[in-house]
Number of protein chains: 2
Amino acid sequence: MLSFTEENYLKSIVQLTIFESTEREVGVNKLASCLDVKPATVSDMVKKLNAKKLVNYKKYGKVSLTKKGRKSGMMVIRRHRLWETFLQIKLNFSWDEVHDLAEELEHIYSEKLINRLDEFLDFPSFDPHGDAIPNADGEIFIPFRKLLSEAKVGDIVKIIAVKDNTKEFLNYVDKIGIVINDKIIIESKDNFNSLTTINIKGKLHVVSPRFTDNIFIVSPKFEKAKD
Amino acid sequence: MLSFTEENYLKSIVQLTIFESTEREVGVNKLASCLDVKPATVSDMVKKLNAKKLVNYKKYGKVSLTKKGRKSGMMVIRRHRLWETFLQIKLNFSWDEVHDLAEELEHIYSEKLINRLDEFLDFPSFDPHGDAIPNADGEIFIPFRKLLSEAKVGDIVKIIAVKDNTKEFLNYVDKIGIVINDKIIIESKDNFNSLTTINIKGKLHVVSPRFTDNIFIVSPKFEKAKD
DNA sequence: TAAAAAAGTTAGTTTAATCTAACTATTTTT
DNA sequence: AAAAATAGTTAGATTAAACTAACTTTTTTA
């Protein structure tokens, strides 16, 4: 049985070493700032997680997940994303409201509960933010994706997920009227000011990197690569 | 903001002083055994709850709820019973499985969440065990009810709730095929052996006080009193 | 490559909630 | 009303997860 806190550590390590980086290990300081605690606290905790065979760690070394730790962390993320989906689809919460609630719901541990919830939601593959939901074995398919900022002028791309889940960001996304799976045309780029003009459903918007660095897309190349 | 633990104390005090007794105060020892902790622990905690104006308490005195404490405790019970209803109605859990999960879900604090859940379930008045669900203001209507053991031979009574929520009890109730709102006829009583013969849907069952002391009923008298 | 900066660790403290053991107050019984 | 039983309190210890401050190791840079 893992504590609430241990689960949060594993979740953060999964995020830092699987979802947000190709590096499969992370330093104590980075982990501390992700969890919003001091490095000293992390030092102690990773020792404990190492003793429980959830992470690999040696003094002054980096932290990486064992198979067991990876699975536990993935299950926390599975629960989080399924609850987010429930809150949005069944209880009509908006997508900027679901994160904080899911942060609490994710720690309720019961395989049966989460699998029933999965079934109740019709086995969704993606949550409302477009992020993939790990399956009951803790496995996940991470689709090939790029940032909107990597798209070229003239590209027609599809929004598949948002990277920034803060309320401000999601509110802006709502305001300009985008939903997951919408098409965007890259009309032009102003490299001097780092601005991009995009066309969404016929309307033009001028956006900065604050936007383009936080939208995941699939580009035509990838769509082609599939057939 | 109340801690998980403080909420459990308030919930137990509500149960002991509102649902399970007409006494509006409870002693430290009784509260301790209800919470499965030592009296010394309760002594400390009620001091803390008193300082927070959630209970009334003086050294060597009994514990009672303030208005604020009563409302907080009621809200925990509201959340518990709504989640139980959700698990049983929407996720198809059996009624002996829902309690432990609801015990965790009840501590997720968000008025919006719980009111949305209430709406999603169509504003139920009773949970699957037949217990009344407090409303959004923490108020509750406790119907007049008796124990099955108080019924007289010849009475035709209606089961409205179960008192004992342990798995063993609920399994037995399932086994003999009763559901909430079923009618029971009291066929005979054997006072020497403390046994009661009851008729449920045409079938006779001989039951001991272990059963009759844990089933809540409304008797014909009460039904009459209403018109 | 030596000094400076960054990263990480250790030791000792804090807080909430629990415990045990010993003590005190209140209630019940004879 | 005194003795016994029950109920309740206090003091001191424990555990998990955090902290600060001081220290050490590793990495970077000039």
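Note on naming: letters A, B, ... go to the chains in the order of the sequence lines (proteins, then strands), and numbering restarts at 1 for each one.
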Interatomic distance where CG belongs to L35(B) and P belongs to dC19(C) [whole Å] | 10 Å
Taking C-beta and beyond as the side chain, do P209(A) and S194(A) meet within less than 4.5 Å on heavy atoms?
-> yes
Quick one: D36(A) CG to dC19(D) C1', roughly how many Å, whole number?
-> 13 Å
Where the side chain of V37(A) is defined as all heavy atoms beyond and including C-beta, which of dC19(D), dG8(D), dT10(C) is the nearest nucleotide?
-> dC19(D)
Is any side-chain nitrogen or oxygen of K38(B) closer than 4.0 Å to OP1 or OP2 of dA21(C)?
-> no
Atom CG of N8(B) to atom C1' of dA16(C): distance rounded to whole Å?
-> 14 Å
Length of the CG-P vector between N29(A) and dA5(C), whole Å | 17 Å
When you check the phosphate oxygens OP1 and OP2 of dT10(D), does a side-chain N or O of K59(B) lie under 4.0 Å from one of them?
-> yes
With DNA chain D as reference, determine whether V46(B) or S3(A) sits nearer its 5' end, using the nearest nucleotide of each.
-> V46(B)
Pick base, sugar-phosphate or nothing for K47(A), based on heavy-atom distances below 4.0 Å to the nucleic acid.
-> sugar-phosphate
Does NZ or CZ of R81(B) fall inside the cone over F19(B)'s six-membered ring, less than 6.0 Å from its centre and within 45° of the axis?
-> yes
Would you mind reading off the distance between K62(A) atom NZ and dT27(D) atom C1', rounded to a whole angstrom?
-> 10 Å
Nucleotide nearest M45(A) (side chain, heavy atoms from C-beta), chosen from dG8(D), dT10(C), dA18(D) = dA18(D)
Dump the intermediate steps for salt bridge (charged side-chain N to carboxylate O under 4.0 Å, His left out) on E7(B) and R79(B), then the final yes or no.
-> CA-CA 12 Å; E7(B) 284 196 341; R79(B) 297 195 294 257; 2.8 Å; yes
Which part of the nucleic acid, if any, lies within reach of K30(A) when heavy atoms closer than 4.0 Å are counted: base, sugar-phosphate only, or nothing?
-> nothing
Looking only at dT26(C), dT10(D), dC19(C), the nucleotide nearest the A40(B) side chain is dT10(D)
Just checking Y9(A): base, sugar-phosphate only, or nothing, at a heavy-atom cut-off of under 4.0 Å?
-> sugar-phosphate
Rounded to whole Å, the CZ-P distance (F4(A) to dA18(D)) equals 10 Å
Starting at atom CG of N50(B), determine the distance to atom P of dG8(D), rounded to an integer number of angstrom.
-> 16 Å
Using a heavy-atom cut-off of under 4.0 Å over every strand shown, decide if T5(A) touches base, sugar-phosphate, or nothing.
-> sugar-phosphate
Phosphate OP1/OP2 of dC19(C): any T41(B) side-chain N/O under 4.0 Å = yes
Kindly point out which of dA7(C), dC19(C), dC19(D) is positioned nearest to the side chain of D44(A)?
-> dC19(D)
Protein-nucleotide distance (M1(B), atom CE; dT15(C), atom P), rounded to Å = 21 Å
Parallel, tilted or perpendicular, as decided by the 30° and 60° cut-offs, for the rings of F86(A) and W83(B) = tilted
So, are R78(A) and D118(A) salt-bridged, with charged N and O less than 4.0 Å apart?
-> yes
